[in-house]
Amino acid sequence: MNDSNTDNSGDSGANPDTKVSSNFIRNKIAQDLADNKHGGRVHTRFPPEPNGFLHIGHAKSICLNFTVAAENGGLCNLRFDDTNPAKESQEFVNSIEENIRWLGFNWNGDARYSSSYFDALYEFAVQLIGKNLAYVCSLSAEEAREYRGSLTEPGRNSPDRDRSIEDNVDLLKRMKEGEFEDGSYSLRAKIDMASPNITLRDPVFYRIRHIAHHQTGDKWCIYPTYDYTHCISDAIEGITHSLCTLEFEEHRPLYNWILEKLDLDSIKSVSDLADSEFDYVLPEQTEFAKLKLNYTIMGKRTLREMVETNVVDGWDDPRMPTLAGMRRRGFSPASIRNFCESVGVARSDSVVDMAMLEHAIRDDLDKNAPRAMCVMNPLKVVLTELEADAEESLEMSNHPKLEEMGKRVLPLTREILIDRSDFEEIPPAGFKRLIPGGEVRLRGAYVIRCDEVVKNSEGEVEELHCSIDRNTLGKKPEGRKVKGVIHWVSASKGVPVTVRLYDRLFNVENPESKKIEDYRECLNPDSLTVLEGCVVEPSVCGENSFNSYQFEREGYFCRDEIDSIEDKLVFNRTITLRDSWAS
RNA sequence: UGGGGUGUCGCCAAGUGGUAAGGCACAAGGUUUUGAUCCUUGCAUGCGUUGGUUCGAAUCCAGCCACCCCAGCCA
């Protein structure tokens with residue numbers, strides 16, 4: 001593609017009009033600051049597991065963590081929570097980093113990895129064993145499940161619970177050295193098998209997995225679990241506010257248990273704050289409701305399956321709720337940020353209406369996308385008074401209100417194209433477009449009158465013969481009102497393009513509902529419509545073209561950078577215009 | 001039937017004892033060479049429910065109801 005293209009798909013800045021609303025996390029941080037809880041510091045982190053692509057749900061968390069830090073002069077780390085190498089890969093690490101940058105955020109320093117704390121984590125485990133707070137357990141996963149009890153019944157102690165400290169240290173060392181098979185032993189915390197909070201029934205901290213890790217290679221064959229790793233990683237990085245979603249709420253006692261049992265000095269000494277003058281205060285976990293969107297599936301498992309079974313054309317299919325997909329669809333980073341802010345942050349389970357997302361992108365593109373004309377379903381119109389080789393150059397603003405967006409030239413020729421839906425022989429009530437003998441304004445040009453309807457042998461309308469009112473360029477017609485305005489393009493100067501119309505992927509509000517056995521039952525068969533015979537005005541393909549446009553009266557579109565080729569551009573419809581006429 | 005949460009307009013959501021913000025959606029007007037945008041107006045005598053405390057309650061207390069999460073060596 002053309003290097004000189006003006007990139008308008010990038011960061012157009014946060015909408016200054018977007019009101020920042022108070023929420024319980026902002027309030028809590030303000031209170032902590034007032035109490036001088038962390039020595040005035042605010043340090044957050046976004047901790048994705050590199051096992052999939054980021055989606056709009058992650059965007060909420062990203063925006064929350066980065067925004068709340070920035071608002072308070074704080075920092076936000078990016079940390080890959082990579083404790084399960086079986087599911088993770090470098091490909092995901094790369095895409096996550098790229099998506100976050102695209103969204104417009106810069107993390108503090110280099111990206112972190114939980115795996116870079118594996119040495120410290122191991123030493124802390126030895127420390128816990130030394131305090132008689134952890135033990136090596138030989139129960140299989142299945143046995144452990146039986147011992148754990150149920151929601152209503154307490155669990156039973158593992159037969160290995162009273163193993164000596166010396167034996168536990170020795171066994172953990174041998175686990176680490178690869179002496180045992182996967183699953184034969186685990187390291188568990190010694191808490192309370194009768195706790196009503198199942199998370200506290202001697203949770204597993206280490207498991208044996210003879211598998212290479214995308215960051216640490218073959219160095220380890222034991223890997224720490226999320227619960228054990230996350231709190232310590234937060235503490236090592238000097239995180240003050242550890243924000244996560246609601247389902248981790250009952251893990252919070254464990255998060256605190258681990259950090260409180262460890263010697264504070266031993267944590268501080270390996271932390272980023274080791275040499276700082278800040279009071280070292282343990283991080284605190286706060287939970288918020290994750291984002292749900294109607295007509296959308298956010299579950300990673302299903303998204304992955306849709307990609308693998310070709311229900312969609314990849315993680316970046318414009319119908320996907322992934323950031324990669326939304327980007328390709330034409331969503332701007334600012335629109336996504338504004339959307340996340342408008343949705344708010346709270347603790348109640350809620351499902352946000354798609355209309356909010358659609359409003360966010362329309363709001364942004366209305367201000368930032370230049371206008372152009374594209375005829376989707378062409379109908380030839382002959383302007384009978386023009387000579388066959390005539391060409392008029394009409395100047396038109398790129399934006400109806402923002403002069404700074406400049407102007408472009410529209411070529412008007414004897415044969416032009418209009419959309420078939422803008423002509424009706426028998427118009428419905430209220431129709432404001434072209435009808436036989438009627439008049440309509442060609443956007444940016446003259447008022448024309450339909451003098452003759454030419455049909456083929458099948459009786460289908462083949463072309464229209466129209467006369468133009470020369471006295472209507474840039475002024476209202478005299479003695480009558482012409483209500484309708486339609487878009488058009490020169491038949492000879494227009495450029496053929498492919499246009500893809502996207503619609504929601506699912507046709508039910510809650511495709512993740514338990515009532516739906518298979519998500520494929522509710523796929524929208526019309527989620528993608530490919531139109532091959534579309535024609536755009538030449539400015540869209542010229543030297544100074546943009547990525548995103550409003551094709552007037554049709555919607556917002558962006559050039560597909562992957563499938564567009566030199567002489568055949570492909571445009572993706574980002575979103576339609578609001579349409580109060582509802583055709 | 002154990003534990004942890006949540007219930008404020010169709011959808012998000014502020015509000016933390018002084019008499020229900022805001023956004024989306026919707027509706028009605030106005031402007032308009034995009035049936036767009038923009039502007040104006042309307043939209044909870046009511047805060048899951050029932051009692052109680054109080055001069056005063058969405059806010060405090062008690063009971064009840066509904067929904068969500070937890071029994072991975074996933075995160």
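Order of the sequence lines sets the chain letters (A, B, ...), proteins ahead of strands, with each chain counted from 1.
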hbond_proxy A/Gln550 side chain to B/U34 base (donor-acceptor, 3.5 Å cutoff) | yes
May I ask you to check whether over 12 heavy atoms, not counting those of A/Gln90, lie within 6.0 Å of atom CD?
-> yes
Does A/Arg201 have a side-chain nitrogen or oxygen under 4.0 Å from the phosphate oxygens OP1 or OP2 of B/G2?
-> no
Shortest side-chain distance from A/Leu151, nucleotide among B/A71, B/A75, B/A21 = B/A71
Decide yes or no, distance alone: a donor-acceptor N/O pair under 3.5 angstrom between the base of B/U34 and the side-chain of A/Arg553.
-> no
If only side-chain N and O atoms of A/His487 are considered, is one of them under 4.0 Å from the OP1 or OP2 phosphate oxygen of B/U34?
-> no
For nucleotides B/A28 and B/G7, find the distance between their P atoms and express it as a whole number of Å.
-> 34 Å
Are any of A/Lys483's side-chain N or O atoms less than 4.0 Å away from OP1 or OP2 of B/G35?
-> no
Syn/anti state of B/G5 by chi, 90° boundary around 0 = anti
For atom CZ of A/Arg156 and atom C1' of B/A71, their distance in whole Å | 14 Å
Are OP1 or OP2 of B/C24 and a side-chain N or O of A/Ser342 less than 4.0 angstrom apart?
-> no
Distance, rounded to the nearest Å, where A/Ile418 contributes CD1 and B/U34 contributes P = 17 Å
Look at the side chain of A/Asp579 and decide which nucleotide, out of B/U37, B/G35, B/A75, has an atom nearest to it.
-> B/G35
For B/G17 and B/U53, measure between their C1' atoms and round to the nearest Å.
-> 12 Å
Integer-rounded Å distance: B/C11 C1' and A/Met356 CE = 6 Å
Check whether any side-chain nitrogen or oxygen of A/Arg443 sits under 4.0 Å from OP1 or OP2 of B/A36, and answer yes or no.
-> no
Roughly how many Å is it from CG in A/Asp366 to P in B/C24, rounded to a whole number?
-> 13 Å
In the strands shown, is B/A27 matched to any nucleotide by a Watson-Crick or G-U wobble pair with both distances under 3.5 Å, and which?
-> B/U41
How do A/Glu153 and A/Tyr226 order along RNA chain B: which one's closest nucleotide is nearer the 5' end?
-> A/Glu153
Which of B/G15, B/U34, B/C70 is nearest the side chain of A/Pro400? It is B/U34
Can a side chain N or O of A/Ser348 be found less than 4.0 Å away from OP1 or OP2 on B/C12?
-> no
Look at all strands and tell whether A/Ser140 reaches a base, only sugar-phosphate, or nothing, counting heavy atoms closer than 4.0 Å.
-> base
When you compare B/U54 with B/U19, how far apart are their C1' atoms, in angstrom units rounded to a whole number?
-> 14 Å
Length of the NZ-C1' vector between A/Lys476 and B/U32, whole Å | 8 Å
Consider the side chain of A/Lys514, meaning its heavy atoms from C-beta on, and name the nucleotide among B/C70, B/C69, B/U6 that approaches it most closely.
-> B/C69
Closest nucleotide of RNA chain B for A/Ala144 versus for A/Arg252: which of these residues is on the 5' side?
-> A/Arg252
Counting side-chain heavy atoms from C-beta on, which of B/A75, B/G35, B/C24 comes nearest to A/Asn84?
-> B/A75
Within the structure shown, what part of the strands sits under 4.0 Å from A/Glu250 by heavy-atom distance: base, sugar-phosphate, or nothing?
-> base
Would you indicate what A/Gly484 reaches in the nucleic acid, counting non-hydrogen atoms under 4.0 angstrom: base, sugar-phosphate, or nothing?
-> nothing
Would you mind classifying the nucleic acid contact of A/His251 as base, sugar-phosphate or nothing, using non-hydrogen atoms under 4.0 angstrom?
-> base
When we call it a touch if two heavy atoms are under 4.0 Å apart, what does A/Asp82 touch: a base, just sugar-phosphate, or nothing?
-> nothing
Whole angstrom is fine here: how far is it from CG in A/Asp353 over to P in B/G23?
-> 16 Å
Going by atom types alone, do A/Thr225 and A/Arg207 pair a side-chain donor with an acceptor below 3.5 Å?
-> no
May I ask you to say whether A/Arg480 pairs ionically with A/Glu439, meaning some side-chain N is under 4.0 Å from a carboxylate O?
-> yes
Flag the pair A/Arg45 and A/Glu237 as a salt bridge only when some basic side-chain nitrogen lies within less than 4.0 angstrom of an acidic carboxylate oxygen.
-> no
Roughly how far apart, to the nearest Å, are B/C47 and B/A20 at atom P?
-> 12 Å
Gap between atoms CD and C1', on A/Glu537 and B/U34 respectively (whole Å) = 13 Å
With sugar-phosphate meaning primed atoms plus P, OP1 and OP2, does A/Leu139 contact a base, only sugar-phosphate, or nothing at under 4.0 Å between heavy atoms?
-> base
Could you let me know what B/C60 is paired to, Watson-Crick or G-U wobble, both distances under 3.5 Å, or none if it's on its own?
-> B/G52
Going by the angle between their ring planes, with limits at 30° and 60°, are A/Tyr549 and A/Phe551 parallel, tilted or perpendicular?
-> parallel
Counting side-chain heavy atoms from C-beta on, which of B/G72, B/A75, B/G5 comes nearest to A/Arg347?
-> B/G5
From B/C73, B/G35, B/G7, nucleotide with atom closest to A/Phe431 side chain = B/G35
Hey, is A/Asp422 close enough to A/Arg553 for a salt bridge, meaning N to O under 4.0 Å?
-> yes
Expressed as a whole number of Å, how far does the P atom of B/C39 sit from that of B/U31?
-> 16 Å
So does A/Ser580 get a side-chain nitrogen or oxygen closer than 4.0 Å to the phosphate oxygens (OP1/OP2) of B/A36?
-> yes
How would you label the contact of A/Leu473 with the nucleic acid (heavy atoms, under 4.0 Å): base, sugar-phosphate, or nothing?
-> base
Within the structure shown, what part of the strands sits under 4.0 Å from A/Ser150 by heavy-atom distance: base, sugar-phosphate, or nothing?
-> base
Record whether the side chain of A/Glu249 comes under 3.5 Å of the base of B/G5 through a donor-acceptor pair of N or O atoms.
-> no
From B/C70, B/C74, B/G72, nucleotide with atom closest to A/Arg145 side chain | B/G72
Watson-Crick or G-U counterpart of B/U6, or none if no pair lies under 3.5 Å = B/A66
C1' gap between B/A25 and B/A66, integer Å | 25 Å
Check whether the side chain of A/Arg578 and the base of B/U37 form a donor-acceptor pair under 3.5 Å.
-> no
Decide, yes or no, whether a salt bridge links A/Arg26 with A/Glu341 under the criterion of side-chain N to carboxylate O below 4.0 Å.
-> yes
A/Tyr223 and A/Tyr228: aromatic ring centres closer than 6.0 Å?
-> no
Give the nucleotide from the list B/C12, B/A14, B/G3 with an atom nearest to the side chain of A/Ser22.
-> B/A14
Please determine, for the side chain of A/Ala346, which listed nucleotide (B/A14, B/U6, B/U33) has the closest atom?
-> B/A14
Side-chain ion pair, A/Asp234 and A/Arg79, N-O less than 4.0 Å = yes
If the C1' atom of B/G22 is compared with that of B/A44, how far apart are they to the nearest Å?
-> 14 Å
Taking 4.0 angstrom as the limit, do A/Arg161 and A/Asp202 come out as a salt bridge?
-> yes
